[in-house]
Amino acid sequence: QKEVEQNSGPLSVPEGAIASLNCTYSDRGSQSFFWYRQYSGKSPELIMSIYSNGDKEDGRFTAQLNKASQYVSLLIRDSQPSDSATYLCAGKENSGYSTLTFGKGTMLLVSP
Amino acid sequence: NAGVTQTPKFQVLKTGQSMTLQCAQDMNHNSMYWYRQDPGMGLRLIYYSASEGTTDKGEVPNGYNVSRLNKREFSLRLESAAPSQTSVYFCASSGDRPIVSGANVLTFGAGSRLTVL
């Protein structure tokens, strides 16, 4: 059973702080990881993907992957109230055809 | 640029009624998916279609059927709705990036909120 675990939160941070969202996964065959943001009442939208160990930066967002520890994280620098949303972590295998396994999501609240 | 279009956006059914959720994508994607999302349960895959003419069960297929009508359209049918099927349903599609890159980016529709009384 492939599982992706996330703390449901809410994670509360003040505006301008760094928000750190974490995700662990059980399937060592998972090689690609994705972070989706979902605003209340809306559909998920992709914000980051990461396939290799290490860090990947895109603007205020940094994804980190540690395959040995089976750990994925998303850092949001200079957090804004507009970042308040639920963040979904998802993983998949690279070989053959496989589907995404989603975590249950972490709610982030950024207070002004 | 519509992306993934789902209909209806809202639906209320009585127990035992049937209905079909429609989904269409205009991105020429081969793969399409149906998920349900419940509070505290995250996104759970109901059925998917890796290509036109094929469908496969996901994590929670019981009580549902699907049809991949053509490359664009993938419908989800509830034959006899139950209160446990009250949920938000999302259709999604993905392209065929090279497997070696690991890319399988899902694009989601806006969702369909279904209530079964």
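Lettering of chains follows the sequences in order, A, B, ..., and the numbering in each one begins at 1. Keep in mind it's a predicted model, so treat the numbers as computed, not measured.
- Within the 3.5 Å criterion, the main-chain N or O of S93(B) finds no donor-acceptor partner in the side chain of S31(B).
- Interface residue F90(B): only side-chain heavy atoms are found under 4.5 Å from chain A.
- Scanning residues 103-111 of chain A against chain B with a 4.5 Å non-hydrogen threshold yields G103(A), K104(A), sorted by number.
- Using a 4.5 Å cut-off between heavy atoms, L43(B) touches chain A through backbone and side chain atoms alike.
- When hydrophobic clusters are built by joining Ile, Leu, Val, Met, Phe, Trp and Tyr residues whose side-chain heavy atoms come closer than 4.5 Å, directly or via intermediates, L13(B) is grouped together with W34(B).
- Put simply, I46(B) and M19(B) are part of the same group of oily side chains (I, L, V, M, F, W, Y) that touch within less than 4.5 Å, one to the next.
- Q6(A) places a side-chain N or O within 3.5 Å of a backbone atom of C89(A) that can act as its donor or acceptor partner.
- S112(B) places a side-chain N or O within 3.5 Å of a backbone atom of P8(B) that can act as its donor or acceptor partner.
- R36(B) and D38(B) are joined by a salt bridge, as a carboxylate oxygen and a charged side-chain nitrogen come within less than 4.0 angstrom of each other.
- The aromatic rings of Y36(A) and F108(B) stand perpendicular to each other, their planes meeting at an angle above 60°, with 30° marking the opposite boundary.
- Put simply, the side chain of E5(A) does not reach to within 4.5 Å of the side chain of Q70(A), judged on heavy atoms.
- Atom CZ of R44(B) has more than 12 heavy atoms from other residues, nucleotides or ligands within 6.0 Å.
- Using a 4.5 Å cut-off between non-hydrogen atoms, the part of residues 38-49 of chain A that approaches chain B consists of Q38(A), K42(A), S43(A), P44(A), L46(A).
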Check the pair I76(A) / Y87(A) against side chain to side chain contact (heavy atoms under 4.5 Å, CB included), numbers first and verdict last.
-> CA-CA 11 Å; I76(A) 305 175; Y87(A) 289 79; 3.8 Å; yes

